[in-house]
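Given the structure is predicted, the values throughout are model-derived calculations rather than measurements. Only heavy atoms go into these numbers, but all of them, side chains included; no hydrogens, no water, no symmetry mates.
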Amino acid sequence: MKFLLSLLAASSLVSAALNPITVKGNAFYDSKTNKRFFIKGVDYLPGGSSDFSDPLLDIDVCKRDIEYFKDLGLNSIRVYSVDNSGDHSKCMKLLDDAGIYLILDVNTPKNSINRASPANSYNTAYLQHVFATIDAFKDYDNLLGFFAANEVINDENTTSSAPYVKATIRDMKAYIKAQASRAIPVGYSAADISTNRQQQAEYFNCGSDDERLDMFGMNDYSWCGKSSFSLSGYDKKVETYSGYTKPMFLSEFGCNEITPRPFTEVESIYSEDMSSVFSGGLVYEYSEEDNKYGLVEISKDGKITKKTDYNNLKSELAKVQIPSGDAGASTKTDASKCPAYEEGVWEVDPDSSVPSMPKRASAFLTAGAGKALGTNGPNTSYGDEGDIEDNKAAAEAALTAKTSSKAASATGSGSATAAAASGASASASASGNAAGAIAPAPVGLIVAAPLAVVLSSTIFGALMVL
């Protein structure tokens, strides 16, 4: 009886007012009504990235801020980091009741793909954190989707991290397929850099379906002050990405070079000028931090003061008339062509494969991620000792195989010399056997490479990224 009561109580916390959002072609749709969905939201990280705290754990803070979300007319928020060991059910229920979806980044300051050492940071311990975060939110219908990473590629010199971000996207999709009751979109949030942002969009949407992202977020600050659709370059973005086959939206927008911000871009974002390619956006950001992008100021005692930016945004959002029907959305689902290698711009071989999931991490797909470690978990950015041991064993096995193949080759050669009458036949046979034995060696040696990288990273240090 106690179990039944507990089950009923738990189900009431996750009961949904909102329907899950699904992806069709290059747009989002309500999974029940089939109505196209446009993101109208804010980026929500009170305290900023330097003062990490989970805003969805404090129910008083959650209640306070949701009232302002509703006042602005929002339907979505993005949260950059959470404590995956905490209970988020109460805040998620309040958000759901308020008609607000969550877009969640799965990383924390201690758990992310490190652009300075991506091979090290992609490991079993990191994936355990990612999968445990998925477990913590996968049952909420108002979870719109997950971001696998944010701005890992932030210039032309960090493109080598792209395969590891893509591997994370693949692994998250595989885990959701195995452990969740519905498909949940997985995406990437790209930095505001013109050098290779198009290549990023193409790369994360090329290849097999299991590796392709489900949504692409674009952090963009090109519309400053009272600009226009053409002066800001928004028209060129629509043109550039007009054939993109995944939902695209502005995961951050709101240039602050001119203040207070008038947010005149809102009219274009939710107009037919952009609706065939973009599905709305998220204003950066809710609370005032050191970078001066806030809509509100939060005092030390928790009191909220609205800035002029807040009032301007509210006014602009109130004018929005969402285009009707599919609003020009495409139903095409074709994969993009992998971008070509270009030195100093995009240094990823289009024919290279995505890194394989670490051996031990694959067990999570069937057994689940296990206990969420939250903020007390290890810093995974410099490697995982268990993976290092696996790589070391693989390297030793590869060396043994290579030694054995050389011995087999030598034996074969000797046999061929002794049997001169049938030399051509024997030589061909020995050559074939030797080639078959040697083939696995390069793969094993490549697997061993992360061990050296871990040692190098530990000595010289690495840059943390969210």
Side-chain angles (χ1 to χ4, degrees), residues 21 23 26-28 39 41 43 49 76 78-81 102-108 111-115 118 121-122 126-127 129-131 133-134 137 143-156 158-176 183-220 237 240-241 244-253 277-282 284 335-339 346 348 350 354-355 465-466:
I21 297 299
V23 170
N26 74 336
F28 296 114
I39 295 168
D43 298 304
S49 59
S76 306
R78 175 189 181 182
V79 174
Y80 291 82
S81 293
L102 170 68
I103 299 170
L104 179 63
D105 292 58
V106 296
N107 298 303
T108 73
N111 313 105
S112 64
I113 295 298
N114 184 335
R115 69 170 70 94
S121 55
Y122 175 69
Y126 169 64
L127 290 176
H129 163 81
V130 170
F131 296 162
T133 303
I134 292 173
F137 287 88
L143 172 72
L144 191 154
F146 293 109
F147 273 141
N150 175 64
E151 296 191 350
V152 175
I153 305 161
N154 65 351
D155 58 26
E156 64 276 10
T158 51
T159 59
S160 62
S161 58
Y164 298 93
V165 173
K166 190 166 185 173
T168 304
I169 291 171
R170 175 204 60 203
D171 299 345
M172 290 175 66
K173 292 181 66 169
Y175 189 80
I176 289 168
I184 302 170
V186 176
Y188 176 71
S189 179
D192 188 2
I193 50 172
S194 59
T195 309
N196 54 34
R197 185 162 58 185
Q198 184 177 354
Q199 286 91 334
Q200 293 179 52
E202 293 169 349
Y203 178 72
F204 292 124
N205 188 36
C206 76
S208 60
D209 287 346
D210 65 312
E211 296 175 352
R212 295 167 62 199
L213 49 59
D214 302 308
M215 59 184 188
F216 186 79
M218 183 184 296
N219 297 344
D220 187 274
K237 292 179 179 64
T240 298
Y241 299 104
Y244 202 65
T245 57
K246 295 294 184 181
M248 182 174 286
F249 60 97
L250 301 180
S251 43
E252 293 178 7
F253 76 89
V277 176
F278 288 88
S279 292
L282 299 152
Y284 190 84
S336 299
K337 181 180 179 181
C338 291
W346 183 255
V348 180
V354 175
V465 295
L466 282 175

*Asks:* Roughly how far, to the nearest 0.5 Å, is CD1 of Ile169 from CG of Leu213?
*Replies:*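 Reported value, rounded in 0.5 Å steps: 5.0 Å.
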*Asks:* Going by the angle between their ring planes, with limits at 30° and 60°, are Phe249 and Phe147 parallel, tilted or perpendicular?
*Replies:*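 Phe249 vs Phe147 ring planes: parallel.
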*Asks:* Hey, is the main chain of Val152 close enough, under 3.5 Å, to the side chain of Arg115 for a donor-acceptor pair?
*Replies:*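 A pair under 3.5 Å: yes.
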*Asks:* Could you report the tightest heavy-atom contact between Ser336 and Cys206, atom names first, then the distance?
*Replies:*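 Scanning both residues, the minimum pair turns out to be O-CB, 3.0 Å.
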*Asks:* Does any N or O in the side chain of Asp171 come within less than 3.5 Å of the main-chain N or O of Ala174, such that one atom is a donor and the other an acceptor?
*Replies:*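 Side chain of Asp171 to backbone of Ala174, a donor-acceptor pair under 3.5 Å: no, none is there.
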*Asks:* Going through the checks in order, is the side-chain contact (heavy atoms from CB on, under 4.5 Å) test met by Gln199 and Thr159?
*Replies:* CA-CA 10 Å; Gln199 286 91 334; Thr159 59; over 6 Å; no
*Asks:* Closest heavy-atom contact between Ile153 and Gln200?
*Replies:*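 What the structure gives for the nearest pair is CG2-NE2, 3.7 Å.
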*Asks:* Would you name the heavy atoms of Asn154 and Ala191 that are closest together and state the gap between them?
*Replies:*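 Closest pair (atom of Asn154, atom of Ala191, distance): CA-CB, 4.3 Å.
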*Asks:* Could you point out which residue of Asn114, Asn111, Asn107 forms a side-chain hydrogen bond (donor to acceptor under 3.5 Å, both in side chains) with Tyr126?
*Replies:*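 Single pass found, and it is Asn107.
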*Asks:* Indicate yes or no for a side-chain donor-acceptor contact from His129 to the backbone of Val106 under 3.5 Å, with no hydrogens or angles considered.
*Replies:*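 Judged by distance alone, yes, a pair lies under 3.5 Å.
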*Asks:* Using modelled atom types only, decide if a donor and an acceptor are shared between the side chain of Tyr188 and the backbone of Val165 within a distance under 3.5 Å.
*Replies:*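 Such a contact is absent between Tyr188 side chain and Val165 backbone.
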*Asks:* Just to verify, which of Leu104, Ile39, Asp43 counts as forming a side chain to side chain contact (heavy atoms under 4.5 Å, CB included) with Arg78?
*Replies:*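 The side chain to side chain contact (heavy atoms under 4.5 Å, CB included) with Arg78 is passed solely by Asp43 among Leu104, Ile39, Asp43.
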*Asks:* Can you find a side-chain donor-acceptor pair between Asp155 and Thr195 that sits under 3.5 Å?
*Replies:*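 Side chains of Asp155 and Thr195: no pair found under 3.5 Å.
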*Asks:* Using only atom types and a distance under 3.5 Å, with no angle test, would you say the side chain of Lys246 pairs donor to acceptor with the backbone of Phe216?
*Replies:*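 Answer holds: no.
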*Asks:* Would the distance check show the side chain of Thr245 and the main-chain N or O of Asn26 forming a donor-acceptor pair, the cut-off being under 3.5 Å?
*Replies:*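 No, the answer is negative, given that no donor and acceptor are paired below the 3.5 Å cut-off.
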*Asks:* Hey, does the side chain of Lys173 reach the backbone of Asp209 with a donor-acceptor pair shorter than 3.5 angstrom?
*Replies:*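 Looks like yes, one N/O pair under 3.5 Å.
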